[in-house]
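In listed order, ligands and their atoms are each counted from 1.
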Amino acid sequence: MVSTKGKSLEGLLTEFRRFYPSTDFKNNAYITSEEIFKKAEKDPEGFWATYASELTWYKKWEKVLDWDPPHSKWFVGGEINVCYNCVDRHIKNGRRNKAAIIWEGEPGDTKTLTYWDLYREVNKFANVLKKLGVNKGDRVAIYMPMIPEAVIAMLACARIGAIHMAVFGGFSSEALRDRINDCKAKLLITADGGYRRGSLIPLKHDSDYAVKDTPSIENVLIIKRGEFPLRIKKGKDFWWHELADEVDPYCEPESMNSDDSLFILYTSGTTGKPKGVVHSTGGYLTGAYTTSKLIFDMKDQDVFWCTADIGWITGHSYIVYGPLAVGATLFMYEGAPDWPEMDRYWRIIDKYGITIFYTAPTAIRAFMKAGAELIAPYSLETLRLLGSVGEPINPEAWIWYYTNIGKKRCPIVDTWWQTETGMIMITTLPGYHTMKPGHSGFPFPGVSIDILNESGNPVEPDEGGYLVLKQPWPSMLKGIYGDEEKYLEKYWGKWGGKYYFTGDGARRDSEGYLMLLGRVDDVLSIAGHRIGTMEVESALVSHPSVAEAAVVGITHEITGQAIVAFIVLRDNIDKDFDLEDSIREHVSKKIGPIAKPRKVIFSSELPKTRSGKIMRRLLKDIAEGKVLGDTTTLTEPEVIDNLKKQYEVIES
Ligand code: WTA
């Protein structure tokens with residue numbers, strides 16, 4: 001093998017399979033040619049202004065972009081209200097009686113809100129916020145299950161110019177407390193509880209623990225979801241349905257400056273202390289709106305289902321703001337995909353006629369593990385487009401998704417983006433591009449990226465490197481709440497403020513397709529070769545017995561690091577004597593002997609963050625036998641213990 005020492009990242013995986021959108025899809029899609037890319041490249045500001053103009057502004061901007069690196073202001077001088085754009089204007093444009101939100105609770109209860117219903121609820125909610133002393137610029141914490149009121153609460157904040165800060169309902173009261181204290185929220189909106197995998201999650205009860213240590217919280221507003229036990233503190237805790245009866249049915253939306261903050265969302269990634277990512281108003285909405293419309297090809301007759309939780313950025317941009325700004329019908333589900341059985345999603349898709357389905361690779365791999373038989377009873381015939389987000393989707397998982405869910409009929413958009421980017425940045429456009437499994441695609445029009453080596457120079461085609469963003473984009477984060485230094489260091493420090501560093505590795509092939517290689521913190525370093533986790537994991541997942549894989553590098557005297565692979569097998573696979581060898585050989589054949597794992601560890605599950613990302617950092621600690629790191633964001637902490645035990649058995 002030719003020595004490639006000194007390269008930033010290897011490129012190992014070759015993918016020859018190609019998939020094309022059907023003629024029918026092409027004929028009806030918004031984008032079917034490269035015209036839009038050419039236009040945006042020539043005049044990115046003009047491109048964004050065109051789409052911003054499709055929104056309703058109280059006052060038009062004077063300047064599209066004010067770029068004072070590393071801070072951008074978009075649509076400077078413009079005034080807009082996000083809630084007005086997501087709700088009020090649809091009352092006037094013919095969508096008054098169209099379903100805005102179709103919801104199903106985990107126990108099976110359902111609710112549909114038309115745009116008019118949503119308008120009425122949001123107005124009352126906004127007046128309740130005012131009644132509780134919330135003013136423009138105040139921070140409001142939202143700790144809710146996946147119920148329509150979570151969307152209503154966010155929109156009501158936007159209506160009065162309060163800055164919402166949503167916390168995933170599965171997080172602990174400590175996580176809630178720390179986030180509230182960091183942004184000094186004045187009000188907490190929660191529910192008595194929610195349903196998850198058949199259990200009651202007592203959110204108000206958990207909130208009480210947080211609120212006793214959050215001096216900034218003046219009141220708590222509670223939504224009634226069911227019959228959950230809770231304590232009401234007189235004068236501080238209020239029921240939404242009681243206050244709703246006391247307020248006016250209309251609340252004038254606040255005219256906001258385009259650069260005012262719309263929300264704060266904490267992200268910790270797989271490492272470190274949570275950072276409060278701040279997003280703007282006009283720029284953010286333009287980004288969420290444009291990408292929703294063009295990437296998901298969202299039309300009036302679609303029923304769009306994004307399976308993310310409202311507590312993540314995907315929930316913000318592609319449940320709430322993007323789809324509602326487009327005037328779409330969105331579907332929302334409260335509970336777990338495997339409740340009561342692993343077929344809940346397919347049941348929902350058939351029942352509600354979902355047309356666009358957006359989920360995460362972790363879910364796709366879980367379905368793959370469970371087997372295609374569970375899908376057989378469902379037709380899934382209403383689906384016309386699929387999406388993936390959150391982690392690289394391994395080519396085999398892509399093919400599985402395409403074949404079993406999309407029935408070889410639906411294009412897949414593999415969308416790369418981050419909490420910080422606010423909108424999808426890399427993807428294919430479903431009516432135009434040919435798809436290559438494992439490759440996310442191209443920068444969205446108006447987005448400018450590069451792949452650099454350590455010294456900050458662009459790498460050659462097919463060579464891996466650091467993914468950076470070169471130009472500001474409208475939904476770019478404004479900064480980290482109360483921590484400018486962190487903002488500068490984390491995103492702009494690596495090459496002296498010249499580029500936004502994403503923290504991800506990527507590779508671009510000779511046709512321009514981008515493949516995401518994983519977080520650069522997780523890169524493996526084998527005998528001078530730097531290898532991204534994605535390619536080795538994809539090779540592992542392409543073994544017929546493997547459903548999910550995570551690789552880490554552990555210290556090795558000769559090669560620097562050696563690869564340890566953690567494997568989840570598909571259901572009903574016998575772990576016979578030769579399986580480990582067969583898996584190791586498979587990787588060697590697929591991408592080369594260099595990537596052959598030294599050890600294979602079988603596990604029933606992999607440790608994940610709450611948003612479903614594999615925590616390789618922890619696996620590395622386990623593989624190296626170190627003390628375990630912070631496990632507060634693990635889904636199933638006992639998984640780690642199991643893995644550790646298994647590893648010890650292999651070691652001995
Ligand atoms: C990863 C989620 C590969 C990536 C919207 C990124 C992806 C991080 C993809 C952001 C994708 C997200 N392919 N990797 N399609 N989408 N990622 O902030 O490492 O929760 O930096 O935002 O997820 O995660 P976050």
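With a heavy-atom cut-off of 4.0 Å, Thr419 touches ligand 1 through backbone and side chain alike. Heavy atoms of Ile393 found under 4.0 angstrom from ligand 1: none, in either backbone or side chain.
If you check which protein heavy atom lies closest to atom 2 (C) of ligand 1, you get Trp417 O, 3.9 Å. Closest to atom 13 (N) of ligand 1 among all protein heavy atoms lies Glu391 O, 3.3 Å. The protein heavy atom nearest to atom 8 (C) of ligand 1 is Lys613 NZ, 3.9 Å.
For atom 3 (C) of ligand 1, the nearest non-hydrogen atom from the set Pro392, Gly387, Ala506 comes from Pro392.
Taking every heavy atom of Ile313 and a limit of under 4.0 angstrom, the matching atoms of ligand 1 come to 5 (C), 22 (O). Close approach of ligand 1 to Arg519 is summarised as follows: ligand atoms under 4.0 Å from at least one heavy atom of the residue are 19 (O), 21 (O). Proximity to Thr314 (heavy-atom distance under 4.0 Å) selects the following atoms of ligand 1: 5 (C). Close contacts of ligand 1 with Leu516, meaning ligand atoms under 4.0 Å from a residue heavy atom, involve 3 (C).
Taking distance alone, with nitrogen or oxygen atoms compared against 3.5 Å, Thr415 approaches ligand 1 more closely than that limit. Checked by distance only, ligand 1 and Ser440 stay at 3.5 Å or farther apart across all their nitrogen or oxygen atoms. Looking at ligand 1, you'll find an N or O of Gln418 within less than 3.5 Å of one of its N or O atoms. Residue contacts with ligand 1: Thr267 is placed with no nitrogen or oxygen under 3.5 Å of a nitrogen or oxygen of the ligand (distance criterion only). The N/O atoms of Asp414, backbone and side chain alike, include one that comes under 3.5 Å of an N/O atom in ligand 1. Close N/O approach between Asp504 and ligand 1 is found [any backbone or side-chain N/O within under 3.5 Å].
Side-chain atoms of Asp260 and Thr281 include no donor-acceptor pair closer than 3.5 Å. When only modelled atom types and interatomic distance are considered, Glu484 and His71 share a side-chain donor-acceptor pair under 3.5 Å.
For His543, the ring-ring contact (aromatic ring centres under 6.0 Å, His included) partners are His586, not counting sequence neighbours.
Judged by distance alone, the side chain of Tyr318 and the main-chain N or O of Ala288 form no donor-acceptor pair under 3.5 Å.
For Tyr500 and Tyr491, the ring centers are positioned less than 6.0 Å apart. Between Trp103 and Phe331, the distance separating the two ring centers is not shorter than 6.0 angstrom.
The CG atom of Leu285 sits 5.0 Å away from atom CG of Leu55, with the distance rounded to the nearest 0.5 Å.
For the pair Lys436 and Phe19, the cation does not sit on the ring face, since its NZ or CZ is not both under 6.0 Å from the ring centre and inside 45° of the axis.
The one candidate from Glu548, Glu396, Glu537, Glu605 that meets the salt bridge (charged side-chain N to carboxylate O under 4.0 Å, His left out) condition with Arg365 is Glu548.
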Checklist entry - Yes or no on ring-ring contact (aromatic ring centres under 6.0 Å, His included) for Tyr284 and Phe263, after CA distance, side-chain angles and deciding distance? => result CA-CA 10 Å; Tyr284 170 79; Phe263 65 85; 5.0 Å; yes
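Between Met534 and ligand 1 there is no heavy-atom distance shorter than 4.0 Å. Within the structure, the closest approach of Gly390 to ligand 1 falls below 4.0 Å when heavy atoms are considered.
Using cut-offs of 30° and 60° on the angle between ring planes, the pair His316 and His164 is tilted.
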